Number of protein chains: 2
Amino acid sequence: MTATGARPTTPTLDEVAVLAGVSRATVSRVVNDSPRVSPEARRAVEEAVATLRYVPNRAARSLVTRRTDTIALVLSESNTQVFSDPFFASIVRGLSERLADTDLNLVLLAARGESEQEKIGRYVRQGHVDGVILMSLHSDDLLPDILAGAHVPVVLSGRPLDGRPVAYVDADNAGGAAAATRHLLSLGRRRIATITGPLDMVAGLDRLAGYRAALADAAPPGVPELVAEGDFTEAGGLRAMTRLLAEAPDLDAVFVASDPMAVGALQALRAAGRRVPEDVAVVGFDDAAVAATCDPPLTTVAQPLGEMTSLMVELLLDQIEAGERAVGTRVCGTTLVRRASA
Amino acid sequence: MTATGARPTTPTLDEVAVLAGVSRATVSRVVNDSPRVSPEARRAVEEAVATLRYVPNRAARSLVTRRTDTIALVLSESNTQVFSDPFFASIVRGLSERLADTDLNLVLLAARGESEQEKIGRYVRQGHVDGVILMSLHSDDLLPDILAGAHVPVVLSGRPLDGRPVAYVDADNAGGAAAATRHLLSLGRRRIATITGPLDMVAGLDRLAGYRAALADAAPPGVPELVAEGDFTEAGGLRAMTRLLAEAPDLDAVFVASDPMAVGALQALRAAGRRVPEDVAVVGFDDAAVAATCDPPLTTVAQPLGEMTSLMVELLLDQIEAGERAVGTRVCGTTLVRRASA
DNA sequence: GGGTCTCGTGAAAACGCTTCCACGGCGCTA
DNA sequence: TAGCGCCGTGGAAGCGTTTTCACGAGACCC
C-alpha cells in the first residue's frame, strides 16, 4: 500500500475570479450560461476555468439552488435476480439515453429488504436527488410511503396496486394479455393455459386479468382457465410449464407473462417432447431480445419501452420544474409481434 | 395532472435548536454522536428532532465536511447485457451487504459509450462521491484516466490491463483456469478446447492464459490448443461451442470461461447430440447459481465473491480515511467445485 | 481555600456557491 | 444637450452545516 501523494485541493470560484480578473458573481454567471455577460469577460473566465480545470462544487451549489440535478432509479426487490431481467435493462438503457442530452445524472439505488428501503428513504430525504423513478413494486412495498414522506417528486414504473394518487407510467398489460389470448383463440386453440408473473406485482395481476377477460369474452363456452404462477424468471417459467403439463397434458397453447419465462417454458415443452407451435402454441410478453433469437422465435407482446421511459422522465421533470408533486398517469398501448411460436 | 400541494420546507438545525432550547452547535453534536453533550441536552434535542422530523441537509453538511458518505459502483460497458451477468449481480449484492451496517450509501453508475463516461467523470469531479469502485474494464476504457484526474479514491474490480498503479481486487483467474484444465487432463481428456471471454478484458485474457499454461505444463506432448472467443453471455457460449464442434468434431472436453457461456455450450452440445460428461466434459467459471441447477450440474471454478467485495470496500475505505489515493492489491484464490459435468 | 482541570455550552467563522441589489457608463429619444 | 433606460458588473447576503475557540461552572488536588 503505497501513498501516491495527498489529494490536491480543487480550485474554487474565487481563484477563477482572481485569475480572470473579474468578480465571483461574473464567474458564476459564465458557468451558468447567464446571458448578461460581456464577450470579453466570458472569454477571460472560460480561459481561467480551463487552465485551472475548475469544476463547480456540487454541495455548495445545491445548498443554494436546492437542486442536485440527479434523479434516482430505485429498484425495490428482494431478489437480485431482477438485474437479469431484460425488461429492467431496457428501462435503464432508455432512461440514460433520455437523460444523455440533459445535465441530469441518473443513479441506481437497489433495496433488498426493509433496512435498505429505510436507507434509501433517508438518502432521498437528505436531499441527494431531485426526483425518483420507482420500479418493481410488490404489494407490500414500503417505499411508496417512505418516499411520500420525503416530499420529493416520484414517478412509478407501473400502476400502483393500491390506487394511491401518484404519477405513473404503465403499459396496457391487461390489453396486451387479452390480445395475446385472443390470438391463441383465433388459432383454434381451446386448451389455453397461462403462466403468470408474481401475483403480488401489478404486471403479474394485470396480465392474468387480461387472459381471463379474453377467455370470458371471446372464447366459446367450455374453454377452461389453466393457471400456474411464475416469477418472471426463466427457471420459474420452466417449473411452471412442467407443472402445467402434469396437470393438463392436453393443453394446446400457453400465454406466458414474460419472455424469460417463455424461454423456460419452451425448454420444458421440448423436454416433454411437445412441438412448438404444432402441439403447443406459445405467446410471451415484453418482446425481449431473446424472443427473436430463441428456438422457435417467440410470438410476444411488445411494449413501447422507449416511449414509456421518455414519459417517466417527462412526468418527473414536470414535477421538479413545478416544485411540487403531481399525479399524471400514462398508459401505453402494446402490440402483438408475430413470430413462429404461435 | 393535479397538484397535490407545494413542497413543505424541511426543518433546519436552527429550528431544532430553538425548539430544544439549545444552540445549533449542541444540536449538531447530538446529531453527530459527539460524546460531549449532557444527557438532558441530548434528550431535549432528540425529542425536538423527532417532533420536527428533522433530517440533516446533505449539501450543507458535505460542504463543510468534504465528505458525501456515498460511494459509486461504476460500470463501464457498452453492452447493457452486463446487468444480466450473475457475476455482476453478486458484486452488487456483496457490496450492499458489506455497506449495510455502515452509514455509506451505494450508487450505481452505468456508462455506455464515451459521452456517458465523460458524464460520470464530471459527476465524480463535482464531488458527489467519496470513492469509486470500477468494474468491467475493456482495454480501451477511458474511465481509469478520467477518474485518475478526478483525484478520488478508486478501487478496480479486476487487475488493470495496463499495469497502472492503482488499487484492485481480483480473483486468481489464471490459477483457476489452470486448475480447471488440469482437472480435465486428469480425467484423461486429450482434446481440450476452451471458450474464452472477450479478449480485451483482463478476466478473458487471464483465464485463457491459465488454460494455455496448464496445457503447456501438464499435458502430454501432442495435446493441442483449441480456442474460440466468446463474450461471457449464454448466446455467445452457444455460438462458440457450435463453432468449436465444427472445427474439431473430436474434442472431448471444454473449459468455458464463464458459467452463462457454459450453459450456452451445454445447449449446443445437446443440439449436436453429445452427451455431457460422457462424450464431452465441461468446466465453467464463476460458480453462478445456474451452475448448480442446469443439466447436468456444472463443474466450475468458484471465486470468493464475498471476500472480494469486502476487500474492495476495505481498500476503498482505507483510502478515504487516509485522504489520499493508494495502491493496495489483493488477489483471491479460487476453488474447483466438482459437479456432474466433468 | 485557592488554583488548576475538565466538561458542557454557545458565539461565530468558515465551506463554495448563487443571486439580489445598487451602481456606473453607455446609447437613445426628445 | 439633458434625461431616461438598459446593460454589465461587483458587493454582499445568504444557503444549512461543522468546528474552533472562549467561557463559566463545578470537581479536584495540595
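As the structure is a computational prediction, the values presented were derived from the model and not from experiment. To find a chain, count down the sequence lines: A is the first, B the second, and so on, and within it residues start at 1.
Inter-residue side-chain proximity for B/Glu77 and B/His138 is flagged as met; some heavy-atom pair is nearer than 4.5 Å. Contact check for B/Leu317 versus B/Leu104: side-chain heavy atoms found under the 4.5 Å cut-off. The closest side-chain heavy-atom distance from A/Thr10 to B/Arg125 is not below 4.5 Å. Side-chain contact between A/Thr68 and A/His128: absent, with no pair of heavy atoms (C-beta onward) separated by less than 4.5 Å.
B/Leu13 has its CG atom 13 Å from the P atom of D/dC15, to the nearest Å. Distance A/Leu63 CG to D/dC15 C1': 4 Å, rounded to the nearest Å. Here the P atom of nucleotide D/dT18 and the CZ atom of B/Arg58 are 10 Å apart, to the nearest Å. The distance between atom CG of A/Asn57 and atom C1' of C/dG16, rounded to the nearest whole Å, is 6 Å.
Backbone-only contact: B/Thr65 has heavy atoms under 4.0 Å from sugar-phosphate atoms and none from a base.
In this structure, A/Arg66 reaches the D/dG16 phosphate: one of its side-chain N or O atoms is under 4.0 Å from OP1 or OP2.
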(request) Go through B/Leu147 and B/Val124 one step at a time and tell me if the side-chain contact (heavy atoms from CB on, under 4.5 Å) criterion holds. (result) CA-CA 8 Å; B/Leu147 293 179; B/Val124 170; 3.9 Å; yes
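Salt bridge status for B/Arg122 with B/Glu118: absent, with no side-chain N to carboxylate O gap under 4.0 Å.
Relative to the side chain of B/Ser28, the nucleotides D/dT17, C/dG16, D/dT18 differ in distance, and D/dT18 lies closest.
In terms of the side chain to side chain donor-acceptor pair (under 3.5 Å) criterion, residue partners of B/Glu314 (sequence neighbours excluded) are, by chain and number, B/Arg98.
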Dump the pairs, protein N or O against N or O of nucleotides 10-12 of chain D, anything under 3.5 Å, distances to one decimal.
| from | atom 1 | to | atom 2 | distance (Å) |
| --- | --- | --- | --- | --- |
| D/dG10 | OP2 | A/Ser23 | N | 3.0 |
| D/dG10 | OP2 | A/Ser23 | OG | 3.1 |
| D/dG10 | OP2 | A/Thr26 | OG1 | 2.8 |
| D/dG10 | N7 | A/Arg29 | NH2 | 2.9 |
| D/dG10 | O6 | A/Arg29 | NH1 | 3.4 |

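B/Asn57 and A/Arg66 are not linked by any side-chain donor-acceptor pair at a separation below 3.5 angstrom, with hydrogens and angles left out of the test.
Using a 4.0 Å cutoff on non-hydrogen atoms, the parts of residues 32-53 of chain A near DNA chain D are A/Arg36, A/Val37, A/Ser38, A/Ala41, ordered by number.
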